Every structure is written in C-alpha cells, then in structure tokens.
Enquirer: 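Sending over a structure as structure tokens; questions will come in a sec.
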2 protein chains.
Amino acid sequence: MNSISPTQGDTKQRILDSAEYLFAQNGYRGTSLRAITGKADVNLAAVNYHYGSKDGLLEEVIKRRLLPLNRTRMQRIDAVRQKARERGNKPDIRAVLMAFIEPTLLFKESTPEAGTFVTFIGRSMTDPDDTVRRVFQRFIMPLFQILFETTCEALPRLPRDIVLWRLHFTLGSLFHTLNICGKFSTDDIEYINTRLDADSLLALIIPFVTAGMKA
Amino acid sequence: MNSISPTQGDTKQRILDSAEYLFAQNGYRGTSLRAITGKADVNLAAVNYHYGSKDGLLEEVIKRRLLPLNRTRMQRIDAVRQKARERGNKPDIRAVLMAFIEPTLLFKESTPEAGTFVTFIGRSMTDPDDTVRRVFQRFIMPLFQILFETTCEALPRLPRDIVLWRLHFTLGSLFHTLNICGKFSTDDIEYINTRLDADSLLALIIPFVTAGMKA
DNA sequence: ATCGATTTCAAACATATGTTTTAATCAATC
DNA sequence: GATTGATTAAAACATATGTTTGAAATCGAT
C-alpha cells in the first residue's frame, strides 16, 4: 500500500522536500508547482495526484515537521509546569520561555531540511496570504494556549492581557530571528553573524525576552 | 481641476491609495493590477502609463509615506543624541527606543490610510518576495544605522554585536505588533485587543524592549 | 474653435499559473 | 503471461497575470 516501492516510490517524498525548500525561500505564492516538480524531477501532475492540490501539499509540508516539533515543545512546557506544581511554587518564567524557544532552535539546527522549514515558520506567521497563515495558526493555537496559561502562572502579579502582549512581543522577536537566520544573502544586514548555532542564539534571545517579561 | 470627476484628474493618486490598501491587506504578490485599478475605478493601463510597472508603483507607494516617517524618526533620534551630548552623558536607552517606536505608532493612528501603510511595513520586512523586501530595506537602512550607533552609545558596556541582536529582537517585536494590529479578522487571536491606540501600545512595548535591552 | 500634448480606454498580447484529462508504464496477483 | 490497480507521463485546459498597443477622449494654450 503506502510502503516504499523500490523504484519510484519516493515521488511523494521528493515533492515534499522540494516544496519545503522552495516555500521557505520564495514563499507559498512565489513558488509554482512547476518549480517544485522541476526541482523534484517528477511530473507536474504528480502534485495533484498525491496531494490533491497545492493547498493540500502546503498542509502536508507543514504537518510533517510542525506536529513533532509542537509535541516536543508541549512536553517541555508541561514538564516545567509539573515540576513547579510538585515543588509547590510557580513556574520560573525563564524556564517557560526556554521550554518553548530551545526546541525550536534545536530543531532548526538538527538537519538542513529542518532548518529551512523553521525559516518557513518564521516567514509564514506574518504571511499576507491567508492560506498559509491559517494553516500555521491552526496547528500552533493549542500550544500557544498552554504557553499562555503557563506564562500567566509564572507571572501571577501581571494582568493576563499584559502577559499576552508580552508573549506576542516574544514571538515577534523569535520569528524575526528565524527570519534573519534564514537569509541566504546577507548583503542587506551588516555586521551580523546569521549563522549562529542554537546555543549561541539561545544565549542571546533568552536574556532579552526574560527581562522583557519580568519588566 | 481637482474636482472629483470619475474621468479625469486624480487618477495617479487614486491608484496609489488603492494599491496601498490592497498591498497591506493581501501583500504585493497577492494583489493584481486589475484589483487595484478596479478598486480605484480607473483603466487597467493607467498603472503602466503613470508608474511604468507594478514594481514602479510599489516603490512610489512606499516612498510616499516612508520618507516622511523616516525623516521624523531620524530627527527624534538625533535630538536624543544631541541632548545627551550637550549634557555630557550617554543617551538614555529608553529615550532612544521611544524616538524610534513612538513616531511609528503615532503615524499609524494619524489617518486610516497611514494605518494601513504601517501594516504594510510590518508585513513587508519579512516578505518572502525579494522585490518588496529590498525596497523597504533600501529605505530603512540609513535610519537603522543611526539607530544602531545611538543604541551602542546608550549601552557602551555591551558588545556591539549583542546590541545589534537585541535591536533585531526589538524590531521583531515591533513589526509583529504592527502585524497583529493590522489584522482585519481577529478570529485567529483570542483575548487580545488589537485596536489599541498608540499610547497604550507604547506603554506596552516600551517597558518590554527597554528591559530586554538592559538585561 | 483649433492644434498638440497628455491622458484614458478597450482590446489584444504573451506568458504563467493550478488543474484536469487521457494514455502509457509499472508492480504485484492470479 | 495476462490482468488489475496504482502510479507516471505528456498534453491540453481554463484562467489569471503584467504589459503593450493604437485609437478615442480630454485638456491647455494659442
């Protein structure tokens, strides 16, 4: 059935990989099916055959990586929450933010493919195209709710709406960072090393957003 | 003359206004010349006649509002720098950030048209489309350099590359905020008032980024 | 009113897009 | 080895796009 055939069974996979790469580089609207199938070296009609439509392909591209990543982030947040509950005190805000951000950056540097996908995340959260934004936000919404609640627990003296805004500021910083690091040409940004590893990036962003949260 | 006549006169202007609105709502790639001319109620060929091409129109849309806005921001930053120099001490980081962010938010609420344009800014800094990003970054680069230098003066104990990163985090927060506030449908973000005025937004974002900068 | 320049208009152009169709190919089953 | 079902291939389809064209309309000044 869906087992990998030896000769040509990887058509579906190759489409997924090419689409992921091109979506990250040129955006959803800026990537044509012909560009995808050309890069994947498969027939044009294969996309509609295997995924129904370009939108269907987009959804699969996102699902493949975002679901596992979100599972990891969810577990990390739950762990922080659980540990705090056991100890009878509130979660540490720095730990909460780490639980969300570190898996993202680690995932980014896990493989080159994952890296291009994370770039795609950064760009898509603010994509003018509803198609892209909706798919992403649909997948990230439950996770964001948990993150929000946990952050409120960590900062019980802050009004919830302020926590929410600061969380958005944090996401803005993170996504913009993912964006910068996804640039292939660095001619537009001077003096900045956009090829930092996850640990270095984490060491830069965590103090910033933690301080902002506690302000 | 300048009387409102459907046949003559302000064609060029009406194209500019319609393009600004539609670019902000659907992005550059997602907006067709036919949509623009249809909304402006002018002939399709008018865009190429008055602006040469769609790219030419984009540049004029950006220039019209971004040049004055950047002039204001530049003056504010210069003023902070000047005052500090007169007093013989370093600029206050909060004042520096205010000098950049406040004019942006004030401009945003000055008129509905300016508001939609600022939305366009927020989206375009990370637009996958090179065409859009390049135009914006070309216009904002000199300003960003001054902002960077002034921020370094305000935080002389921080290494320059860390200042630069934190400045990017700040821009990320700001742009993401502009984005959220530009949403026409709020169904994807819960519990957040995306229609705050400039002062309220400023009161939210300034403490966050100031604390992050000083972390 | 007339002339020349500018602007508007309808139509066509050339290309690009996502999708569908129909036939060929392949792998496994009987 | 023929049959069957799933996959691939080449072509066409329908529509959308930015741009150009040439004629009509409009305007400003003589």
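Quick caveat: nothing in here was measured; it's all calculated off a predicted structure. Convention: sequence-line order gives letters A, B, ...; per-chain numbering from 1.
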Enquirer: Just to be sure I understand the rule, does B:Ala45 reach a base, reach only the sugar-phosphate, or reach nothing, if contact means heavy atoms closer than 4.0 Å?
Expert: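 Base contact.
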Enquirer: Would you mind reading off the distance between B:Tyr49 atom OH and D:dG22 atom P, rounded to a whole angstrom?
Expert: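 Between P of D:dG22 and OH of B:Tyr49: 16 Å.
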Enquirer: With distance as the sole criterion, is a donor-acceptor pair present between the side chains of B:Asp55 and B:Ser53 under 3.5 Å?
Expert: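 No.
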Enquirer: Would you indicate whether B:Arg94, at its atom CZ, is surrounded by more than 12 heavy atoms from other residues, nucleotides or ligands within a distance under 6.0 Å?
Expert: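 No, not enclosed.
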Enquirer: Quickly work out the B:Asn48 CG to D:dT21 C1' distance and round it to whole Å.
Expert: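 Value for this atom pair: 12 Å.
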Enquirer: Please check: side-chain N/O of A:Arg166 versus main-chain N/O of A:Asp161, any donor-acceptor pairing under 3.5 Å?
Expert: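 Judged by distance alone, no pair lies under 3.5 Å.
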Enquirer: Please report, rounded to the nearest Å, how far the P atom of C:dT19 is from the OH atom of A:Tyr51.
Expert: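 From A:Tyr51 OH to C:dT19 P: 14 Å.
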Enquirer: Does B:Ser32 place a side-chain N or O at less than 4.0 Å from the phosphate oxygens OP1/OP2 of D:dT17?
Expert: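 For D:dT17, OP1 or OP2 has a side-chain N or O of B:Ser32 closer than 4.0 Å.
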Enquirer: Rounded to whole angstroms, how far apart are CG on A:Leu44 and C1' on C:dA16?
Expert: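 Whole-Å distance recorded here is 12 Å.
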Enquirer: Closer to the 5' end of DNA chain C via nearest nucleotide, is it A:Leu33 or B:Val42?
Expert: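 The answer here is B:Val42.
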Enquirer: Does a donor on one side chain and an acceptor on the other come within less than 3.5 Å for A:Tyr21 and A:Asn26?
Expert: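 Absent: no donor and acceptor within the cut-off.
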Enquirer: Of A:Ala46 and B:Tyr28, whose closest DNA chain D nucleotide lies nearer the 5' terminus?
Expert: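 Final value for this comparison: A:Ala46.
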Enquirer: Looking at B:Tyr51, does the NZ or CZ of B:Lys12 lie under 6.0 angstrom from its six-membered ring centre and within 45 degrees of the ring axis?
Expert: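 Yes - B:Lys12 lies over the ring of B:Tyr51, closer than 6.0 Å to its centre and within 45° of its axis.
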Enquirer: Using only side-chain N and O atoms of B:His50, determine if any of them is under 4.0 Å from OP1 or OP2 of C:dT8.
Expert: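 B:His50 to C:dT8 OP1/OP2: side-chain N or O found under 4.0 Å.
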Enquirer: Can you tell me how far C1' of C:dT19 sits from CD1 of A:Ile15, to the nearest Å?
Expert: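 About 14 Å, once rounded to whole Å.
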Enquirer: What is the separation between atom CZ on A:Arg34 and atom P on D:dA11, rounded to the nearest whole Å?
Expert: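 Going from A:Arg34 (CZ) to D:dA11 (P), I get 13 Å.
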Enquirer: D:dT17 C1' sits how many Å from B:Asp55 CG, rounded?
Expert: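 The distance from CG of B:Asp55 to C1' of D:dT17 comes to 14 Å, rounded to the nearest Å.
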Enquirer: Please check the phosphate of D:dT7 (OP1 and OP2 only) for any side-chain N or O of A:Thr11 closer than 4.0 Å.
Expert: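 Result: no.
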Enquirer: Under 4.0 Å, counting only non-hydrogen atoms across every strand here, what does B:Thr37 touch: a base, just sugar-phosphate, or nothing?
Expert: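 B:Thr37: no heavy atom of the nucleic acid under 4.0 Å.
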Enquirer: Which nucleotide, D:dT8, C:dA12, C:dT17, lies nearest any side-chain atom of A:Asn43?
Expert: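 Nearest to the side-chain atoms of A:Asn43, counting from C-beta on, is D:dT8.
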Enquirer: Starting at NZ of A:Lys54 and ending at C1' of C:dG18, how long is that distance when rounded to a whole Å?
Expert: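 A:Lys54 atom NZ is separated from C:dG18 atom C1' by 8 Å.
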